[in-house]
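Encoded as structure tokens, the structure appears first; notes follow it.
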Amino acid sequence: MWQTPPAPVSGEWLPVLDMPAPGPQNRWTVLLRALLLIPQFVVVWVLSVVAFLVTVIGWFGALVLGRLPGFAADYLTAFVPYETRVTAYLMLTVDRYPPFRFEVPDHPVRVELRPGELNRLAVLFRVFLVIPASIVQGLAYAGWWLVSFVLWLVVLVLGRMPQPLYEATTAILRYRLRYTAYLLMLSSAYPKRLFGDEPGSEPGGPVSATRPLVLSGAGRGLLVLFLILGLVSWASGSITASVNSDDDYDHDDTTGPARNVVAPLVPGPADQEDRSPLGGS
């Protein structure tokens with residue numbers, strides 16, 4: 001559970017995602033991945049509702065204390081790894097089903113969080129500060145899901161996730177983890193390094209396949225593709241919404257929307273017209 005963080009060290013500490021290298025996967029579990037996760041989706045939804053309430057209370061506490069209250073840090077540092085394990089399994093990066101419990105020290109997907117001191121001003125404006133990171137992770141995540149059927153077929157046929165695809169997918173997972181940790185005030189470090197780390201950036205040498213997370217040229221290319229696809233998806237959705245809005249306007253009453261809004265509120269010619277024998281009832 002949450003403990004007092006260690007003494008500050010030089011450099012900025014970012015939440016860590018440790019995962020093993022891509023390995024063989026059971027094709028049956030790949031085939032039925034979404035169905036197998038239905039119970040987990042229900043659990044994550046319930047836990048998310050609680051996490052929202054805890055975060056709101058924790059936000060007020062962090063404004064006063066300069067850090068998350070203990071109960072909020074305890075719950076959120078358990079919830080975020082749980083949700084990350086479910087997402088990692090859903091995105092086909094691991095083949096082990098996420099257990100229905102918070103403490104899973106032997107699971108291949110491990111998350112390290114260190115809630116500590118927070119800048120009160122950054123806490124106050126957290127929702128606004130996180131908007132750029134929210135857009136980046138949203139575009140990457142949406143782009144991945146836009147071609148998820150093709151990616152699912154690749155893993156199903158090969159029985160494993162190709163290395164470049166694994167790199168791009170885990171980069172999205174890690175950035176999403178850091179975004180969530182920052183939004184929930186579990187980290188004071190702004191989300192960064194979507195495109196991975198520099199080789200040798202881990203002082204003691206590589207700890208896992210994702211620490212440091214070094215992307216190949218193909219992995220970076222796929223990540224760029226996901227971002228572009230996400231942007232295209234967002235743009236097409238905006239255009240579709242705009243067209244539908246225009247169609248709704250064109251199919252309104254011939255007297256126009258101004259009459260529908262103003263007439264019931266402001267007495268005048270429109271109101272008198274409705275009361276005349278030729279204006280209807």
Side-chain angles (χ1 to χ4, degrees), residues 1-17 44-84 86-87 102 111-145 170-197 201 213 223-224 226-228 230-231 233-235 237-238 241-242:
M1 302 304 288
W2 179 79
Q3 297 177 347
T4 303
V9 295
S10 58
E12 185 179 47
W13 189 88
L14 291 160
V16 170
L17 174 66
V44 169
W45 180 82
V46 173
L47 295 177
S48 299
V49 172
V50 178
F52 172 77
L53 298 175
V54 170
T55 301
V56 171
I57 299 171
W59 181 79
F60 287 102
L63 283 177
V64 176
L65 303 174
R67 65 187 305 139
L68 276 176
F71 79 92
D74 284 345
Y75 181 80
L76 295 176
T77 53
F79 164 73
V80 171
Y82 189 105
E83 192 271 343
T84 301
V86 172
T87 305
F102 284 146
V111 173
E112 184 180 353
L113 298 165
R114 299 179 187 175
E117 298 298 326
L118 296 168
N119 183 306
R120 290 180 176 84
L121 194 60
V123 170
L124 180 63
F125 295 104
R126 200 62 141 214
V127 175
F128 301 103
L129 293 173
V130 82
I131 289 175
S134 175
I135 294 173
V136 171
Q137 72 90 25
L139 291 178
Y141 199 58
W144 193 97
W145 280 106
T170 53
I172 295 172
L173 271 171
R174 191 179 71 165
Y175 191 87
R176 189 167 180 266
L177 162 67
R178 291 175 174 176
Y179 157 76
T180 303
Y182 182 78
L183 178 63
L184 301 185
M185 296 166 290
L186 293 171
S187 172
S188 60
Y190 200 80
K192 54 177 65 68
R193 300 180 190 170
L194 173 62
F195 286 89
D197 307 313
S201 58
L213 179 57
L223 192 51
V224 171
F226 294 149
L227 287 168
I228 293 174
L231 183 60
S233 175
W234 172 81
S238 299
S242 177

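The chain is numbered in sequence order, starting from 1. Keep in mind it's a predicted model, so treat the numbers as computed, not measured.
Of all the heavy atoms in P69 and G58, the pair that sits closest is CD-O, 3.8 Å. Minimum heavy-atom separation, L186 to L68: CD2-CD1, 3.7 Å. Between W13 and S187, the shortest heavy-atom distance links the atoms O-OG, 4.4 Å. For L223 against L194, the heavy-atom pair with the smallest separation is CD2-O, 3.4 Å. Here the closest non-hydrogen pair linking A181 and L113 is CB-CD2, 3.9 Å. Heavy-atom minimum distance, P115 versus A73: CG-CB, 4.2 Å.
Put simply, the side chain of L47 does not reach to within 4.5 Å of the side chain of E83, judged on heavy atoms. Looking at R176 and R178, their side chains never come closer than 4.5 Å, going by heavy atoms from C-beta outward.
Annotation: the span from I57 atom CD1 to Y75 atom OH amounts to 12.0 Å, rounded to 0.5 Å. Taken to the nearest 0.5 Å, the OG atom of S134 stands 13.0 Å off from the OH atom of Y141. Atoms CD1 and CG, from I135 and L227 in turn, are 12.5 Å apart once rounded to the nearest 0.5 Å. For the atom pair CG (L213) and CZ (F195), the distance works out to 11.5 Å, reported to the nearest 0.5 Å. Rounding to the nearest 0.5 Å places CZ of R114 at 10.5 Å from CG of L14. In this structure, the separation between CG on N119 and CZ on R67 is 14.0 Å, given to the nearest 0.5 Å.
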- Please lay out, stage by stage, how V16 and V111 fare under the test side chain to side chain contact (heavy atoms under 4.5 Å, CB included). CA-CA 6 Å; V16 170; V111 173; over 6 Å; no
- Task: Show your reasoning for whether side chain to side chain contact (heavy atoms under 4.5 Å, CB included) applies to I172 and Q137.
- Result: CA-CA 7 Å; I172 295 172; Q137 72 90 25; over 6 Å; no
- Item | side chain to side chain contact (heavy atoms under 4.5 Å, CB included) evaluation trace for V50 with F79 | CA-CA 10 Å; V50 178; F79 164 73; over 6 Å; no
- Task: Any chance you could lay out the side chain to side chain contact (heavy atoms under 4.5 Å, CB included) test for W59 and L124, step after step, and finish with the verdict?
- Result: CA-CA 8 Å; W59 181 79; L124 180 63; 3.9 Å; yes
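Side-chain atoms of R120 come within 3.5 Å of backbone N or O of V64 as a donor-acceptor pair. Remark: the backbone N or O of A51 is paired with a side-chain donor or acceptor of T55 at under 3.5 angstrom. A donor-acceptor contact shorter than 3.5 Å links the side chain of Y190 to the backbone of L129. At distances below 3.5 Å, at least one donor-acceptor pair connects side-chain atoms of R126 with backbone N or O atoms of Y182.
For CZ of F102, the number of neighbouring non-hydrogen atoms (other residues, nucleotides, ligands) closer than 6.0 Å is greater than 12. Heavy atoms of other residues, nucleotides or ligands lying less than 6.0 angstrom from CH2 of W145 number more than 12. Residue F52 places its CZ atom among 12 or fewer non-hydrogen atoms of other residues, nucleotides or ligands, all under 6.0 Å distant.
Between R174 and D197 there is a salt bridge, with a side-chain nitrogen of the basic residue lying less than 4.0 Å from a carboxylate oxygen of the acidic one.
With Y175 as the aromatic partner, R193 does not meet the cation-pi criteria of under 6.0 angstrom to the ring centre and within 45 degrees of the ring axis.
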